[in-house]
Amino acid sequence: MEDKKYIKLITSTEIAEYSNIKGFMILKPYGYKIWENIKKIINKMLIKNKYKNVNFPLLIPKNLFDLENKYIKTFSKECAIVTHTKLIVNKNNELIIDKNSKLNEVLIIRPTSETIIWNTFNKWIKSYRDLPILINQWCNIIRIEMRNKMLIRNSEFFWQEGHSAHINEKDALLEINKIKLLYKKLIKYYLSIPYISGYKTNKEKFSGAKFTYTFETITKNKGKFIQLATIHFLSKIFSKAFNVKYINKNNIEKYPYGTSCGISTRLIGALIMVHNDDHGLLLPPKIAPIQVIIIPIISNIKKKKKIINFIKFIKNNLKKKKIKVKYDNTSKTPGYKFYKYENMGVPIRITIGKNEINKNIIEITRRDTFKKKYLYLKKNLNKKILNILNRIQKNLYKIAKNNINKKTYKIDNYNEFKNRISTNCGLILSHWDNNTKTELKIQKETRATIRCIPIQKKFKEIGKCIYSGKKSNQRVVFGKSY
RNA sequence: CGGGGUGUAGCGUAGCCUGGAUUAUCGCGCCUGGUUUGGGACCAGGAGAUCAUAAGUUCAAAUCUUGUCACCCCGACCA
């Protein structure tokens, strides 16, 4: 039920729609604009952090995966595989694959790019002077998942993947801390999404990493988990797999240490799942494609020109302050427009009709509270609008935070745990004996997984594992994932 | 990959059980003209469908049978 609402929200706001290929979506202008806004923010932060943007090939030769496979314990790879290069027309005028065009070396459409990047690092890294290397690419990747959910688990999605190589472990870990701060800023201050972060368990981590650090949030209605961002400490795993070595100051060969990190279009799915109400979507002003919508009310034809001029004046004024403003002059009725832009999550609505003109004011409605305000034109209108946008930004975080708090449970009893999971899940803090077997058993019995092992002090306490009763040093986060 | 469901106009659907009065229903959207506009406007006219696909049963198939394809949902999977 809730999922239908989610899909309807995506399609009715024109963020995305189903394509005719299973698991592949069409990201429409409104959705793509949100993505572009997220991109801008992270890109700027990465560049500031000395990352350089690059682009590696979409296709990766299978033999590179073979190399990697010797060193990294991997499970099945659900990827798209390219085996031929040509189509021909047969006698019946049908297009068929030309069997003569079979590739000697099978190519894999990237499911992630560590493989090809570390293979290239082999050429790039020779001396300690070549390090650190910090690169990032914005691209699409394909993982043919058996089961999809639009924007949450697509077979194709868009992401940013940062990759770094360092002289030693200390530098690599420092880099991870930097990225942590950067993602935290994006998620909390730009997306207004409250999160819980921590390490993945061995079972859940990226298998090519020594550890994975994750940011997670829960959805507004079902309390299911969505992964927002991950950072992997690759240690020397990939440098060993691809034989990447540098010579240090003492003329000794060393393996560099690697990290990788990423955020994807799933963040848009998270935004939708976290910020919504009965009227539709609520977008945080900092990433909203439209921050202010101006709706004219023309009830008197004689004043039409005056109203339009008034609106243009205000629009231009707001534009000067780089406020993303749109004036909807379509012939639809005001009521229609109110519903439309509320559904699209536009933070502020300005309504202008003859009443406003007569009094030289504008009517402002906040999307989050629906509170109306009347502002006089001359008194720092732009400043006041920016102020309201700011307050909406913070309020969305507050609302979502309250929701997480409400859905957070400390549970020390397995029956209670099972009940919780089977009803309305949420964020469950329980003790765990740090044993993968226990983790698997809990998952089998309840379908809950360990979402992360948080690092903050407040989670450290001596207790007993909820399943085995063995000793535990801290609480971990259990929940159901999307 | 297992189980279930669906496929009728751009979208959402009725009709299918029980084959024929079907010229395939209705709503939204679209086009033209006009009147409107303070919470999803109204009137008049109009365009748009080989009923997913292939074969079969029949005098007759959107409707029954079989195959195929696609998508959705629930599992398993998920670097």
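Chain identifiers are assigned alphabetically (A, B, ...) following the order of the sequence lines, protein sequences preceding nucleic acid strands; residue numbering begins at 1 within each chain.
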Whether over 12 other heavy atoms sit under 6.0 Å from A/Lys306 NZ: no
Between A/Phe338 (CZ) and B/rG38 (P), how many Å, whole number? 8 Å
With no hydrogens and no angle check, just 3.5 Å: does a side-chain donor-acceptor pair link A/Tyr51 and A/Glu175? yes
Sticking with atom C1', work out how far B/rA24 lies from B/rU13, rounded to a whole angstrom. 13 Å
Nucleotide nearest A/Thr351 when distance is taken to its side chain, options B/rG40, B/rG75, B/rG38: B/rG38
Let me check something: any side-chain donor-acceptor pairs from residues 106-116 of chain A under 3.5 Å, sequence neighbours excluded? List them with distances.
| from | atom 1 | to | atom 2 | distance (Å) |
| --- | --- | --- | --- | --- |
| A/Arg110 | NE | A/Asn140 | O | 2.9 |
| A/Arg110 | NH1 | A/Phe56 | O | 3.0 |
| A/Arg110 | NH1 | A/Pro57 | O | 3.4 |
| A/Arg110 | NH2 | A/Asn140 | O | 3.3 |
| A/Arg110 | NH2 | A/Asn140 | OD1 | 3.2 |
| A/Thr112 | OG1 | A/Glu114 | OE1 | 2.7 |
| A/Ser113 | OG | A/Gln137 | NE2 | 3.1 |
| A/Ser113 | OG | A/Glu161 | OE2 | 2.6 |
| A/Glu114 | OE2 | A/Ser260 | OG | 2.8 |
| A/Thr115 | OG1 | A/Glu68 | OE1 | 2.4 |

For B/rU36 and B/rC43, measure between their P atoms and round to the nearest Å. 15 Å
Picking from B/rC73, B/rG38, B/rC78, the nucleotide nearest the side-chain atoms of A/Tyr18 would be B/rC73
Check this one for me: any side-chain N or O of A/Arg447 less than 4.0 Å away from OP1 or OP2 of B/rG75? yes
Identify which nucleotide among B/rG39, B/rU37, B/rA41 has an atom closest to any side-chain atom of A/Thr333, counting heavy atoms from C-beta outward. B/rA41
So, for A/His163 and A/Phe121, is the gap between ring centers shorter than 6.0 Å? no
Interatomic distance at C1', B/rG20 relative to B/rC64, whole Å: 14 Å
Looking only at non-hydrogen atoms, find the nearest pair between A/Ala229 and A/Ile187 and report the distance. CB-CD1, 4.4 Å
Regarding the side chain of A/Ser299, the nearest nucleotide among B/rG39, B/rG40, B/rG38 is B/rG38
Of the candidates B/rU37, B/rC77, B/rA41, the side chain of A/Ile297 sits closest to B/rU37
With a 4.0 Å cut-off on heavy atoms, is A/Phe65 in touch with a base, just the backbone sugar-phosphate, or nothing at all? base
May I ask you to check whether A/Arg451 and A/Thr449 show a side-chain donor-acceptor distance below 3.5 Å? yes
Which part of the nucleic acid does A/Arg143 contact within heavy-atom distance under 4.0 Å: base, sugar-phosphate only, or nothing? sugar-phosphate
Check the distance between B/rC71's P and A/Ile144's CD1 and give it to me in whole angstrom. 11 Å
hbond_proxy A/Glu342 side chain to B/rG40 base (donor-acceptor, 3.5 Å cutoff): no
Which nucleotide, B/rA41, B/rC77, B/rG75, lies nearest any side-chain atom of A/Arg147? B/rG75
What contact category does A/Lys332 fall into here, base, sugar-phosphate, or nothing, at under 4.0 angstrom with non-hydrogen atoms? base
P-based separation of B/rU23 from B/rC71 [nearest Å]: 35 Å
If the P atom of B/rC11 is compared with that of B/rG75, how far apart are they to the nearest Å? 28 Å
Could you check which of B/rC72, B/rA76, B/rG38 has an atom nearest any side-chain atom of A/Lys354? B/rG38
Would you say the side chains of A/Asn53 and A/Asn136 form a donor-acceptor pair under 3.5 Å? yes
For A/Glu17, answer base if it contacts any base atom (sugar-phosphate contacts may also be present), sugar-phosphate if it contacts only those atoms, and nothing otherwise; contact means non-hydrogen atoms under 4.0 Å. nothing
Apply salt bridge (Lys or Arg N to Asp or Glu O under 4.0 Å) to the pair A/Arg367 and A/Asp277, showing each step before the final yes or no. CA-CA 10 Å; A/Arg367 172 63 183 87; A/Asp277 65 11; 2.8 Å; yes
From the set B/rC1, B/rC72, B/rC73, return the single nucleotide nearest to any side-chain atom of A/Met146. B/rC1
Closest of B/rG39, B/rG40, B/rC78 to the A/Arg349 side chain is B/rG39
Using the P atom as the point on both nucleotides, what is the distance between B/rA9 and B/rU25, in whole Å? 13 Å
For RNA chain B, the expected dot-bracket line (Watson-Crick or G-U under 3.5 Å, [ ] crossing, | inter-strand) is (((((((..(((.......[.....))).((((((.....)))))).....(((((..]....))))))))))))....
Determine the Euclidean distance between corresponding C1' atoms of B/rU50 and B/rA62; express it in Å to zero decimal places. 12 Å
Of all the nucleotides listed (B/rC72, B/rG39, B/rC74), which has the minimum atom distance to the side chain of A/Tyr339? B/rG39
Using a cut-off of 4.0 Å on non-hydrogen atoms, how would the nucleic acid contact of A/Glu114 be classed: base, sugar-phosphate, or nothing? nothing
Base, sugar-phosphate alone, or nothing: which one does A/Glu356 contact when heavy atoms must sit under 4.0 Å apart? base
salt_bridge(A/Lys70, A/Asp66) N-O dist < 4.0 Å: no
